[in-house]
Every structure is written in C-alpha cells, then in structure tokens.
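Both ligands and their constituent atoms are indexed starting at 1 by order of listing.
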Amino acid sequence: MPVLSRVAERFAGERPLEGVKIAICLHVTAETANLLRALAGAGAEVALCAANPLSTQDDVAAALVEIDGIEVHAIHGETLAQYREHLGALVAGGPWIAIDDGAELIEALHSGDDPPAAQMIGATEETTTGLVQLRALERAGVLACPVIAVNESRTERAFNDRYGTGQSTIDGILRATNVLLAGAVVVVIGYGWTGKGIALRAAGLGATVIVCEVDPLRALEARMEGFEVMPALQAAARGDVFITVTGGREVLSEEHFGAMRDGAILANAGHFDVEIDLPALERVAGSRRDVRPLVEEFEINGRRINLLARGRVVNLAAADGHPSAVMDLSFASQALVVERLVKADQPLSAAVHPVPEEVDREVARLKLAALGVEIDSLSDQQLAYLKVFSPAPHDG
Ligand code: ADE
C-alpha cells in the first residue's frame with residue numbers, strides 16, 4: 001500500500017493526531033491493519049471493531065493486539081449479541097472521531113438523549129449503504145456530527161467500487177463454488193459503480209451478463225455497454241449466477257426463487273445481508289443442506305438453489321475483500337480526511353460533506369508516482385484558455 005505508506009511516513013514525523021481518540025468499525029483485514037498503524041503512528045489512540053461478523057481475519061486481529069498493542073473487539077463468526085457488544089465497547093471509549101463502514105458505529109454514537117456524537121469532531125463513512133442511512137439521519141434533523149462521505153470521493157467510486165468490488169466479488173464466488181463463468185448467465189442486480197465493476201469482470205470471463213436496475217439512466221447505460229437489461233423476475237428464469245449489489249432490501253424474493261433454474265447460485269455483494277430475502281428462502285425450501293463451506297443448498301420443488309456465505313457480503317465473507325492496491329487509495333483518503341477534520345480551523349456543520357477535491361487529487365498523484373506513471377501538465381496559456389472567456393481561436 002504505497003500511498004498509505006507515504007502518508008504514514010509523514011504522519012510518523014509530524015504526529016498530527018497526537019492524543020486523538022478514534023473509534024474504527026471496519027472489516028478486520030490486513031489493509032485495515034495498515035490504516036490503524038498509520039493512525040496510531042500519527043499519535044492517535046485507536047480502537048477497532050468489525051463491520052461484519054463474517055469478514056474478520058482473526059490472525060490480523062490478534063497481530064494488532066499482540067504486536068501493536070491496539071484495542072480490538074472482533075472475532076470471526078461473532079454472534080449478533082457480541083457484534084453489538086463490540087460496537088458498545090467503542091462507544092464507551094468516548095471517541096472524538098469515528099471511521100465507519102456501514103454506519104452502525106455512527107448510529108450507535110447517536111443513541112440516548114445526549115448522544116456522544118454531539119461531542120465529536122466528526123466521522124467518516126466508507127460505504128454507500130452507510131451514507132444512505134446517514135443522509136436519512138440528516139434529513140430527520142438528528143445527525144449530530146459532521147460526516148465525510150469518503151465513499152463518494154472520485155478515487156473511491158472509480159477504483160474501490162468498480163475495480164475492487166468488481167474483482168473481489170467474482171473472486172469470492174469462484175473460491176466458494178469453483179463455478180465456470182465462461183458461457184454462464186450472470187445476473188447483476190444493481191448497476192451502480194460496484195454493479196458496473198462486477199458486470200465488466202463477469203463479461204471478461206466469458207459470461208453473458210444481464211443487468212437489472214430501477215434507475216432508467218443506469219439501465220440505459222448498461223444496455224449501451226452491451227448488456228441485456230430486464231426486470232429481475234424475467235432474469236430469474238435465465239440466470240445461473242445472481243449477484244445483488246443494490247444497497248436495498250429483498251431484491252431477490254419468493255417470486256424470484258420460484259422462477260429460478262436448478263443449480264442457481266445466489267450471492268450478495270451489498271453491505272447488509274437483506275438483499276436476498278433469506279426468511280422467504282427458508283420458508284419456501286423443502287430442505288436445506290451444506291454442500292461446501294459457505295455454500296448452502298435449498299431445495300424448492302425439486303430444484304436446487306445455492307446460497308453463498310449466508311447472503312453476507314460475498315467478497316469479504318468468501319474471499320479477502322478488495323485487494324490492497326485499491327484499499328491503498330481508500331485508506332489513504334481516510335487518513336488524510338481524518339487529519340483535515342482534526343486540523344480544521346472551523347468545525348464543520350453536522351451534515352454529510354464531500355471529500356475535499358485536493359484529497360482526491362493528492363491520493364491519485366501519489367498512486368501515479370508509486371506506479372511510476374508520469375502525466376502532462378497544462379501550460380499557462382492552456383490554463384488561461386480554459387479559465388477566461390475568449391472568442392473562437394481560429395478564423396473561419
Ligand atoms: N472493504 C472491502 N475490502 C476490504 C478490505 N480488504 N479491507 C477492509 N475493508 C474492505
């Protein structure tokens with residue numbers, strides 16, 4: 001993670017986060033460990049809990065505790081009660097800043113009449129689903145601290161969502177099933193940046209890709225990319241592999257399960273396990289059995305439907321999540337945004353704010369340098385031409 005390393009080196013010299021208490025709810029992976037080390041090296045007091053019960057890599061959690069002396073509340077396969085307890089432990093620590101993936105920590109910091117969030121410098125959010133929740137809090141007038149929408153930065157959208165989720169979702173499905181995607185029909189439900197990445201990679205492996213969308217512009221874009229576009233119920237009868245990535249809920253439900261072919265595979269790449277209607281799947285199935293680790297087979301009227309990773313985010317539950325090359329960009333942005341929150345002259349308002357463009361540019365610049373890629377820059381004359389109104393440069 002060369003970009004994060006550069007930031008960490010500067011942080012270690014300048015110590016911009018001396019004594020700042022940071023509560024972090026992220027997937028407990030090696031990439032997250034590097035972010036924690038960068039923040040701790042900047043002088044922050046950090047504590048970590050997991051953003052999902054199935055994504056924790058226990059060796060990483062143990063290393064953070066034993067080698068770095070960092071407070072970690074996470075264990076792979078933790079129960080819902082443990083998960084909540086771990087969030088509670090971070091809230092009890094009285095953080096000044098929260099870094100979240102899914103908004104559950106920020107929401108927990110909003111509980112009670114005197115929510116701890118009101119005393120905080122601010123928070124950052126790593127995922128689209130979390131931002132949906134936080135904007136709902138903002139609309140309801142109860143958001144008590146500024147939140148920086150790291151997920152919506154240009155580097156995050158273009159690289160993390162498209163290439164990170166695109167590749168790691170396919171990776172999770174292949175690791176869990178070893179299915180051949182060449183010649184298969186892959187149905188991608190949701191064509192945001194993550195859906196675009198998944199569709200791109202599935203097509204690259206030789207699958208026929210069908211996209212299901214509710215947004216007409218995105219649907220049109222999918223069609224013009226060359227994918228088939230149709231309602232999910234129609235696609236249900238065609239697909240071999242279904243991937244939900246909408247940020248919504250119950251996008252695959254009883255009616256879809258009833259229409260699916262024998263051997264269909266269901267995977268979710270959205271943050272929460274509500275995109276595939278699991279209670280409905282259990283209700284309509286005649287029987288259920290484990291066929292491989294992370295593959296459950298449900299029998300419905302003689303047809304077998306295979307659910308991966310219990311409907312939890314498949315790229316982290318069945319694979320290692322995004323490769324470090326893209327988490328490098330996200331976590332460098334996170335670190336730089338936290339520094340800005342701490343150093344801000346004026347406190348930001350209690351609203352959802354974009355990542356400052358300079359942070360995006362700095363991260364992209366550092367990544368290009370790490371890749372050894374040089375780019376052109378505009379001359380003064382070219383800059384002036386773009387900034388100042390001028391008549392057409394050529395006659396006739
Ligand atoms: N989200 C997706 N991939 C991740 C990773 N490798 N580490 C932390 N969070 C992630």
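No N or O atom of Asp101 sits closer than 3.5 Å to an N or O atom of ligand 1. For a threshold of 3.5 Å applied to N or O pairs, the pair formed by Asn315 and ligand 1 contains no separation below that value. Polar contact with ligand 1: absent for His27 (N/O pair, distance under 3.5 Å).
In this structure, Leu26 does not count as a contact residue of ligand 1, since none of its heavy atoms falls inside 4.0 Å of the ligand. Taking 4.0 Å as the cut-off, Asp320 counts as a neighbour of ligand 1 on heavy-atom distance.
Interface of Thr32 with ligand 1, defined as ligand atoms under 4.0 Å from a residue heavy atom, comprises 7 (N), 8 (C). Listed by number with element, the atoms of ligand 1 under 4.0 angstrom from any heavy atom of Leu316 are 1 (N), 2 (C), 3 (N), 4 (C).
Looking at atom 3 (N) of ligand 1, its nearest protein heavy atom turns out to be His322 N, 2.8 Å. What sits closest to atom 7 (N) of ligand 1 on the protein, heavy atoms only, is Thr29 OG1, 2.6 Å. For atom 10 (C) of ligand 1, the closest non-hydrogen atom of the protein is Met327 CE, 3.6 Å.
Between Leu39 and Ile24, the closest side-chain pair of non-hydrogen atoms falls below 4.5 Å. By the 4.5 Å heavy-atom criterion applied to side chains, Arg201 and Ile170 are counted as neighbours.
Between Tyr191 and Phe227, the ring-plane angle classifies as perpendicular under the 30° and 60° cut-offs.
Remark: the Asp161 side chain and the Thr194 side chain contain no N/O donor-acceptor pair separated by less than 3.5 Å. Side chains of Gln382 and Ser379: a donor-acceptor N/O pair is present below 3.5 angstrom, by distance only.
Between Arg135 and Glu152 there is a salt bridge, with a side-chain nitrogen of the basic residue lying less than 4.0 Å from a carboxylate oxygen of the acidic one.
Heavy atoms from other residues, nucleotides or ligands lying under 6.0 Å from CG of Asp290 number more than 12.
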